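The shown structure was predicted, so the numbers you read here are calculated from the model rather than taken from an experiment.
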Amino acid sequence: MNAVTLVIAGCILTAWAVTALSNLLDARHLSPTPPSGLADIHEPEEYARSQRYARARLRLATLSETWTTLLTLGFLFCGGFHMVDEIAHGLALELGFGEIGTGLLFFLGLGLLAELAGLPFHIYHTFVLENRYGFNRTSTRTFLLDKLKSYVLAALIGGILLAGIFWLLRAAGPLAWIWCWGFVGLLSLALTYVAPTWILPLFNAFTPLEQGPLRTDIEALAEREGFALSGVYVMDGSRRSAKANAFFTGLGRKKRIALFDTLLDKMDRTEITAVLAHEVGHWKLGHIRKSLLLGLLKMGALFFLLSLLLGHAEMIQGLGVREPSVHAGLTLFALLFPPVSLILSAMTNALSRRHEFQADAFAAKATGAPQALAGALRKLARQNLANLTPHPLSVALFHSHPPLGSRLTALENAVSRKG
């Protein structure tokens with residue numbers, strides 16, 4: 001054991017402790033009575049059920065985080081990274097691969113181990129917890145196919161990504177981090193652009209919203225706001241879950257809005273239009289552009305920090321590998337990063353929550369019906385058994401959306417101003 005190993009362990013334990021504390025405070029913040037102004041979301045029996053659901057999710061998340069943390073620490077202290085590195089070098093030698101191939105095999109090994117470690121929790125969450133509360137509609141066949149498709153995409157996209165980074169960090173000299181930043185940034189934008197037509201349909205069916213009053217309302221809203229859509233689609237979310245949602249995806253001419261079919265079943269025209277106005281608001285107010293820019297800036301900062309770490313071979317060897325390498329440096333960086341990730345997550349989520357309030361206000365103004373969006377939010381909370389009493393620490397660290405009570409208060413103020 002050396003100083004670097006202890007620092008890694010400290011970073012891992014710090015992130016685990018903060019997350020576990022957040023979950024504990026969240027669980028203790030659950031209330032047997034609904035908060036003021038939200039008593040009409042659930043009937044008393046359903047409210048109690050929502051609290052049990054929230055508590056069960058928090059227990060599972062804490063158990064999963066603890067299990068992952070213990071396994072990672074055990075892997076670190078028992079020379080697991082050295083073992084995987086040796087296996088990767090041996091296979092690469094037999095297959096005639098160079099250093100890039102060795103790095104890809106190394107990360108393939110770590111990825112398989114991580115997937116095996118987390119798979120039981122994923123299965124339990126899908127087929128036990130979600131099933132117990134009436135949400136799961138995923139068949140075993142769909143679950144397995146989703147996994148298979150995810151593995152293929154991860155291998156393809158992740159392989160291209162890592163191979164490019166490995167090559168650039170070796171070949172581009174002192175400014176390699178800038179080339180990596182540009183390469184990953186362009187690849188990310190390209191994937192965002194093609195995702196609606198190439199990637200998302202691999203997992204779900206997207207059907208154009210049929211002609212009728214709802215589509216007319218949506219198209220009129222888009223035309224008023226100058227929002228050029230490639231289409232409004234209904235996604236078969238009910239294949240996997242009874243929960244409802246809507247989202248905006250894509251860039252440029254590929255941007256589209258998708259509605260879960262479960263959303264259409266529970267809301268009326270004005271409420272659905274208000275939800276879509278909220279999504280249009282994110283684009284109209286520049287939230288998509290700002291989020292992309294912020295993500296690119298954060299990515300550049302991370303590559304710069306990585307370049308500094310790669311210059312310290314003695315630190316990389318503290319991971320227990322045979323010799324310093326780019327793939328070992330990337331792994332060390334990932335292990336040291338969790339505390340920084342929590343800070344960045346808090347900052348990013350604070351901005352996201354601000355954007356949600358702004359998009360709500362935009363939707364209220366664009367539709368002239370703040371009550372419709374408020375009604376939609378109430379129905380979503382009811383249908384999804386949302387936790388109505390999240391702890392402030394949990395909100396700050398992990399919530400990209402404001403608590404329901406805060407959003408409804410803001411919309412009520414909009415109604416008052418309109419009156």
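Not a single donor-acceptor pair under 3.5 Å links the side chain of Ser64 to the backbone N or O of Leu60. Side-chain atoms of Asp236 never come within 3.5 Å of backbone atoms of Arg239 as a donor-acceptor pair (strictly under, hydrogens ignored). Side-chain N or O atoms of Thr192 include one that pairs as donor or acceptor with a backbone N or O of Ser188 at under 3.5 Å. Checked by atom type and distance alone, the side chain of His391 pairs as donor or acceptor with a backbone atom of Leu393 at under 3.5 Å. Between the side chain of Arg353 and the backbone N or O of Pro402, no donor-acceptor pair lies under 3.5 Å. A donor-acceptor pair under 3.5 Å is formed between the side chain of Asn136 and the backbone N or O of Thr138. Between the Gln51 side chain and the Ser31 main chain, a donor and an acceptor come within less than 3.5 Å of each other. A donor-acceptor pair under 3.5 Å is absent between the side-chain atoms of Ser352 and the main chain of Thr348, judged by distance alone. Put simply, the side chain of Trp67 gets close to the backbone of Ala117: a donor and an acceptor are under 3.5 Å apart. Counting only distance, with no hydrogens or angles, the side chain of Ser22 and the backbone of Leu397 share no donor-acceptor pair below 3.5 Å.
Taking the six-membered ring for Trp and thresholds of 30 and 60 degrees, His278 and His282 have ring planes more than 60 degrees apart, a perpendicular arrangement. Note: Tyr53 and Phe135 have tilted aromatic rings, judged against thresholds of 30 and 60 degrees for the angle between ring planes.
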### Task
Determine, step by step, whether Leu38 and Leu408 satisfy the side chain to side chain contact (heavy atoms under 4.5 Å, CB included) criterion, reporting the C-alpha distance in whole Å, the side-chain angles of both residues, the deciding distance to 0.1 Å, and the verdict.
CA-CA 9 Å; Leu38 300 181; Leu408 293 179; 3.4 Å; yes
### Query
Given Glu271 and Lys266, is the salt bridge (charged side-chain N to carboxylate O under 4.0 Å, His left out) satisfied, shown in steps?
CA-CA 10 Å; Glu271 290 168 339; Lys266 299 294 183 180; over 6 Å; no
### Task
Apply side chain to side chain contact (heavy atoms under 4.5 Å, CB included) to the pair Asn384 and Asn245, showing each step before the final yes or no.
CA-CA 9 Å; Asn384 297 343; Asn245 205 348; 5.9 Å; no
### Message
Before you tell me yes or no, could you show the steps for Leu335 and Leu319 under side chain to side chain contact (heavy atoms under 4.5 Å, CB included), namely the whole-Å CA-CA distance, both residues' side-chain angles and the distance that decides it to 0.1 Å?
### Response
CA-CA 10 Å; Leu335 293 172; Leu319 194 62; 3.5 Å; yes
### Task
Using the side chain to side chain contact (heavy atoms under 4.5 Å, CB included) rule, take Ser150 and Phe203 through it: C-alpha gap first, then chi angles, then the decisive distance, then the call.
CA-CA 9 Å; Ser150 298; Phe203 296 90; 3.8 Å; yes
### Task
Kindly indicate, with the supporting measurements, whether the criterion ring-ring contact (aromatic ring centres under 6.0 Å, His included) is fulfilled by His122 and Phe143.
CA-CA 10 Å; His122 190 187; Phe143 183 86; 5.0 Å; yes
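Summarising the local packing, CD of Glu225 is surrounded by more than 12 heavy atoms from other residues, nucleotides or ligands at distances under 6.0 Å. Heavy atoms from other residues, nucleotides or ligands lying under 6.0 Å from CZ of Arg289 number 12 at most. For Glu210, the CD atom counts as loosely surrounded, since its 6.0 Å shell holds 12 or fewer non-hydrogen atoms of other residues, nucleotides or ligands. The 12-atom threshold is not exceeded at NZ of Lys365, counting heavy atoms of other residues, nucleotides or ligands nearer than 6.0 Å. Under a cut-off of 6.0 angstrom, the local environment of CH2 in Trp181 is crowded, with over 12 non-hydrogen atoms contributed by other residues, nucleotides or ligands.
Between the side chains of Asp85 and His327, at least one donor N or O lies within less than 3.5 Å of an accepting N or O. Using a 3.5 Å distance cut-off with no hydrogens or angles, the side chains of Asn23 and Thr62 do pair a donor with an acceptor. Judged purely by distance below 3.5 Å, without hydrogens or angles, the side chains of Ser139 and Thr142 pair a donor atom with an acceptor atom. Defined by atom type and a distance below 3.5 Å, a donor-acceptor pair is present between the side-chain atoms of Ser238 and Asp261. Inspection of the Lys290 and His355 side chains reveals no N or O donor paired with an N or O acceptor under 3.5 Å.
Two residues are said to be in side-chain contact when any heavy atoms from C-beta on lie closer than 4.5 Å; Leu25 and Leu21 meet this criterion. Counting heavy atoms from C-beta on, the side chains of Phe127 and Asn131 never come closer than 4.5 Å. No side-chain heavy atom of Ile8 sits less than 4.5 Å from a side-chain heavy atom of Leu73. Annotation: side chain of Leu108 is not in contact with side chain of Leu104 (no heavy-atom distance under 4.5 Å). Between Leu209 and Tyr233 the shortest side-chain heavy-atom distance does not fall below 4.5 Å. At least one side-chain heavy atom of Leu113 sits under 4.5 Å from a side-chain heavy atom of Val84.
Between Ala359 and His287 the shortest heavy-atom distance is N-CE1, 4.1 Å. Contact between His82 and Gly320 at its shortest, heavy atoms only, is CB-O, 2.8 Å. Residue Gly329 comes nearest to Leu310 through the heavy atom pair CA-CD2, 3.6 Å, listed as atom of the first residue, atom of the second, then distance. Counting all heavy atoms, side chain and backbone alike, Leu76 lies closest to Ala9 at CD2-N, 4.3 Å. The two residues Gln383 and Ala244 come nearest to each other via the heavy atoms OE1-CB, 3.4 Å. Across all non-hydrogen atoms, the minimal contact from Phe247 to Leu200 is CE1-CD1, 4.1 Å.
Partners of Thr389 under the side-chain hydrogen bond (donor to acceptor under 3.5 Å, both in side chains) rule, at least two apart in sequence or in another chain, are Asn387. With sequence neighbours left out, Glu86 forms a side-chain hydrogen bond (donor to acceptor under 3.5 Å, both in side chains) with Arg322.
Between the OG1 atom in Thr367 and the CZ atom in Arg224 there is a gap of 8.0 Å [rounded to 0.5 Å].
For Phe304 and Trp177, the ring centers sit closer than 6.0 Å to each other.
Evaluated for a side chain to side chain contact (heavy atoms under 4.5 Å, CB included) with Thr68, the options Thr72, Leu71, Leu70, Thr66 yield exactly one hit, Thr72.
With salt bridges taken as basic N to acidic carboxylate O contacts below 4.0 Å, one links Arg240 and Asp146. By the 4.0 Å N-to-carboxylate-O rule, Lys243 lies close enough to Glu130 to be salt-bridged with it.
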Per-pair distances, 0.1 Å, donor-acceptor, side chain in residues 92-101, under 3.5 Å, sequence neighbours excluded:
unit_1, atom_1, unit_2, atom_2, d
Glu99, OE1, Arg170, NH1, 2.6

